[in-house]
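Read the numbers this way: they start at 1 and go in the same order the structure lists the ligands and their atoms. We use all heavy atoms of the structure for the numbers below, so side chains are in, but hydrogens, waters and symmetry mates are not.
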Amino acid sequence: DKGEYRHFMLKEIYEQPEAITQTLAGTLGDDHVLTALLGPEAETRLADIEHVHIVACGTSFHAGLVARYWIEAQVGITCQVEVASEYRYRTVVVPKNTLLITISQSGETADTLAALRFAKDQGYLATLALCNVAGSSLVREANWRLLTHAGPEIGVASTKAFTTQLVALLWLTTALIQARGGDKQQIITNINALKSLPGMVEQALQLDTRIAELAERFANKHHALFLGRGTHFPIAMEGALKLKEISYIHAEAYAAGELKHGPLALVDENMPVVSVAPSGSLLEKLKSNLEEVRARGGQLITFACERVEHAEEGTAQTITLPWVEDCISPILYTIPLQLLSYHVALVKGTDVDKPRNLAKSVTVE
Ligand code: F6R
């Protein structure tokens, strides 16, 4: 039931504060995370994990890409992320004590499930399914499970399933730091940031009207570029995927530093460039990348932290979000990109909840 909402997608975007709250229920103490939900075997073996491989498809793959930044920076162990349809058909080198994480909203995606089955004989320390459906094939066949509690997702474009996957992955990152006796301050920072997240997402949702106005600019556009750096690069990828999927506008994401290595040639007044530019050490660099876009007449739409000064010139528009800790920033900046693709789809009059050619659960290969 869509209730008061025009589409399931919009309803699911608005359900995110609650979905995040449900996913975190009973998992956080004041200065430690509660790992019992992983089961007794996982709890005792977390400290042995020295490498992580993450395998998934589509939006779930993007969640994995964000987790790589967290795991390598905060836990200090290597993390590799790959799409399931590639992983399952190649020769994979698995170092000793590697955890395989498969991520899937549905737990029935054919390639992800096949990847898990393939991994069974590859000598992993264990396999973990991160999933939104407790009774799914993926959860049944993995050694360990970590469930998101987003509730059923009806809209084909994944929204609340993605943000809750990120929440679970930041929680797991924190559990790994804790198991290895790592940085206590980082654990507390992550916990407090996660606790603040539902309220921050509420605030981001208030940008709805502003973003709906911006969406008009896309009505007659055929292409768009999305830029980000660091943990926000996969968020730019997710923003581009969402726009393609439901508005049929061709969109591509680039790590902002790659712009001058090719895609800058595409930029003119017909190319909206959406950038995800929160505060942080990478912002200054991103700013100079954005100057290059502006100088070429590109229409710039920047999502940035309210604490950072951004000049509004010509066609450039900046939409600000509240300041948050770096660790949850990629989750927060997902919200305006979801709203943007939703409103562009409305302007274009496409079938938001059931985009052409796509299925909610891809059970064929
Ligand atoms: C995009 C989207 C898809 C899915 C992909 C994997 O909005 O929903 O890209 O993320 O088909 O699906 P799951 O997560 O069910 O394995």
Side-chain angles (χ1 to χ4, degrees), residues 7-13 15-16 19 23 54-67 81-88 100-119 127-142 145-169 226 234-249 251-253 334-335 337-342 344-345 350-365:
H7 294 98
F8 280 108
M9 182 181 178
L10 190 63
K11 173 170 179 271
E12 288 158 5
I13 288 173
E15 279 171 352
Q16 288 175 111
T23 298
I54 300 179
V55 175
C57 300
T59 289
S60 297
F61 167 67
H62 295 156
L65 289 177
V66 176
V81 191
E82 194 168 359
V83 288
S85 56
E86 284 299 312
Y87 169 89
R88 59 177 291 204
L100 177 85
I101 302 177
T102 51
I103 309 175
S104 172
Q105 182 276 130
S106 62
E108 304 297 345
T109 300
D111 281 321
T112 309
L113 197 54
L116 174 65
R117 290 173 183 158
F118 164 82
T127 57
L128 182 150
L130 171 52
C131 193
N132 195 42
V133 181
S136 63
S137 308
L138 200 74
V139 170
R140 274 186 276 118
E141 295 188 28
R145 57 162 68 182
L146 179 56
L147 295 175
T148 49
H149 298 281
E153 194 178 64
I154 312 291
V156 164
S158 184
T159 53
K160 62 177 181 170
F162 176 65
T163 46
T164 53
Q165 283 167 351
L166 289 174
V167 161
L169 288 163
F226 284 71
I235 298 309
M237 294 170 77
E238 174 59 10
L241 176 62
K242 222 82 307 178
L243 190 70
K244 277 185 272 214
E245 220 178 350
I246 62 167
S247 76
Y248 315 147
I249 291 176
E252 280 196 80
T334 300
I335 311 300
L337 298 186
Q338 294 170 342
L339 289 169
L340 181 65
S341 63
Y342 175 76
V344 174
T350 54
D351 188 345
V352 173
D353 285 333
K354 287 199 181 64
R356 67 188 182 199
N357 311 341
L358 298 176
K360 181 67 186 161
S361 200
V362 185
T363 52
V364 291
E365 296 174 13

inquiry  = As a test of understanding, state which of Gln338, Glu245, Lys242 forms a side chain to side chain contact (heavy atoms under 4.5 Å, CB included) with Ser158.
reply    =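 Exactly one option meets the side chain to side chain contact (heavy atoms under 4.5 Å, CB included) with Ser158, and it is Lys242.
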task = Go through ligand 1 atom by atom and flag the ones less than 4.0 Å from a non-hydrogen atom of Ser104.
result =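 Answer for ligand 1: 13 (P), 14 (O), 15 (O), 16 (O).
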query = At a 4.0 Å threshold, what atoms of ligand 1 neighbour a non-hydrogen atom of Val156?
reply =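 Those atoms are 7 (O), 8 (O).
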What protein heavy atom sits nearest [atom], and how far away is it?
atom: atom 12 (O) of ligand 1; value: Thr109 OG1, 3.4 Å
atom: atom 4 (C) of ligand 1; value: Thr59 N, 4.1 Å
atom: atom 1 (C) of ligand 1; value: Glu245 OE2, 2.9 Å
atom: atom 11 (O) of ligand 1; value: Val362 CG2, 4.0 Å
atom: atom 6 (C) of ligand 1; value: Cys57 O, 3.4 Å

query = Do Thr334 and Glu238 get their side chains close enough for a donor-acceptor pair, meaning under 3.5 Å?
reply =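 On atom types as modelled, these side chains do not qualify, holding no pair under 3.5 Å.
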Counting only N and O atoms by type, is there a donor-acceptor contact under 3.5 Å from the side chain of [X] to the main-chain atoms of [Y]?
X: Asn132; Y: Ser106; answer: no
X: Gln16; Y: Ile13; answer: yes
X: Glu12; Y: Ile154; answer: yes
X: Thr148; Y: Cys131; answer: yes

ask   = Just wondering, do Arg356 and Asp351 contact through their side chains at under 4.5 Å, heavy atoms?
value =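 Not touching, per the 4.5 Å side-chain cut-off.
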ask   = Are more than 12 heavy atoms from other residues, nucleotides or ligands located less than 6.0 Å from atom NZ of Lys244?
value =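 More than 12 within 6.0 Å, yes.
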message = Using a plain distance cutoff, I'd like to know if Gln105 has any nitrogen or oxygen under 3.5 Å from a nitrogen or oxygen of ligand 1.
response =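 Yes - when backbone and side-chain N and O of Gln105 are compared with those of ligand 1, one distance drops under 3.5 Å.
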inquiry  = Side chain or backbone, does Gln165 bring an N or O within less than 3.5 Å of an N or O on ligand 1?
reply    =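 No, no N or O pair falls under 3.5 Å.
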key: Option whose closest heavy atom lies nearest to atom 15 (O) of ligand 1, chosen from Gly58, Ala157, Ser106, Ala84   =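 The option holding the nearest heavy atom is Ser106.
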request  = Using a 4.0 Å heavy-atom threshold (strictly under), name the region of Lys242 that reaches ligand 1: side chain, backbone, both or neither.
outcome  =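 For Lys242, the contact with ligand 1 is made by the side chain alone.
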